[in-house]
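Everything below concerns the one structure shown next.
The shown structure was predicted, so the numbers you read here are calculated from the model rather than taken from an experiment. No hydrogens, no waters, no symmetry mates; every other heavy atom, side chains included, goes into these values.
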Amino acid sequence: MRKLQIWMELNGSWWENMYKEDFRNMIEENRNSSDSSSAFTHTNTVTAILITAYSVAFAGGGIGSLTMSFVLVKMNTLSVTTTAIINLVVVHSLLLFTVPFRLHYYVNKTWIFKMPFCKLVSAMVHIHMYLTFLFYVITLVIRWLIFFQWKDKVEFYRKLHAIAASAAVWVFVIVFVVPVLSLEYGRSGSYNDTTCFKFHKELQQESVKALNYTIIAAVSCVTCVLLGLQIFILVKVARKLSTSLCSHQEFWAQVKNLIFICVIIICFLPYHLFRAYYIQHVTDSEQLESYNEVFLSLTTLSSLDLLSFVLSGSRLFKQKVGMLRSTLSCC
């Protein structure tokens, strides 16, 4: 009996310790789960805006990229503008590949794809924005060279030249930009693996601040120069074609150039102007981080440009515009 009593006491003590350990593990899991869910700081309104913006960019950008790809396949021209459009298709497609992962995160409020991939998805939005801006500037400059008759046409004489020019841009991005972003993201603090797109701690570094201010100033100045020059050209065309302005192709060609600049002003400029304020007050409120994400999401709407190009070039769209102009002129 004595041995049985000792065995029961030992066995009971073992079961008690096991239950205590399980209970502690359960509390720890609940605490970790609570921490990870609380790390998602966006309100329901901000989350809805982010989901809507990225969904519109994904749907419209995807349709535009596919349609423009079919159009470009049928073209044999080697112009610099066409090459820039081809690169726009590529950079938009790369962005659209990462958008579903962002949507998954905003819907489920938990990142399940590990931190290295989070850095890549986060960096892709910035790479897309600045490459799109670069291709816009190249396209506008080429068109203005032709307008001022400095060049009758600007084109590559061989396809190899077009490929080489495009490859030079992408090699620069892959060799210099992507590694720098990958190495710098997440160096200034420890980040939760279940939380993504929260790299605001990097902005506390003076070097990162200086780089951001430089980029903001450069984008703002270039945008103002582009807008001022395009307005000057439009006024010059209006004076030259004082009568029946809307019936001349030259005028509508310059209006198309203005659309590029409008995309920059609507999609890119608000993010950079707000970011100047955000950098100065990054530690003041977590809500500012949500606003920064909203402005960043607006930059992805530039992927709708290809869809607008397709619509403006379609015969049905031109017929409807022509009928609308006729109606307005009769009134």
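At a threshold of 4.5 Å between non-hydrogen side-chain atoms, the residues Val56 and Leu304 count as touching. Inter-residue side-chain proximity for Leu50 and His42 is flagged as met; some heavy-atom pair is nearer than 4.5 Å. By the 4.5 Å heavy-atom criterion applied to side chains, Phe101 and Met124 are not counted as neighbours. In this structure, Thr194 and Ile112 have side chains that are not in contact, with every pair of non-hydrogen atoms separated by 4.5 Å or more. Between Phe260 and Val137, every side-chain heavy-atom pair lies at or beyond the 4.5 Å cut-off. Contact check for Ile261 versus Asn257: no side-chain heavy atoms found under the 4.5 Å cut-off. A 4.5 Å side-chain heavy-atom check between Leu96 and Ser65 finds at least one atom pair inside the cut-off.
Under a 3.5 Å cut-off, the side chain of Ser122 and the backbone N or O of Cys118 do not form any donor-acceptor pair. Using a distance-only test at 3.5 Å, with no hydrogens or angles considered, no donor-acceptor pair links the side chain of Ser220 to the main chain of Ala217. Thr299 contributes a side-chain N or O that, together with a main-chain N or O of Leu296, makes up a donor-acceptor pair within less than 3.5 Å. The main-chain N or O of Val294 is found under 3.5 Å from a side-chain atom of Ser297 such that the two form a donor-acceptor pair.
For Tyr291 and Tyr278, the gap between ring centers reaches or exceeds 6.0 Å. Ring-centre distance between Tyr130 and His272: below the 6.0 Å cut-off.
The aromatic rings of Trp111 and Tyr105 stand perpendicular to each other, their planes meeting at an angle above 60°, with 30° marking the opposite boundary.
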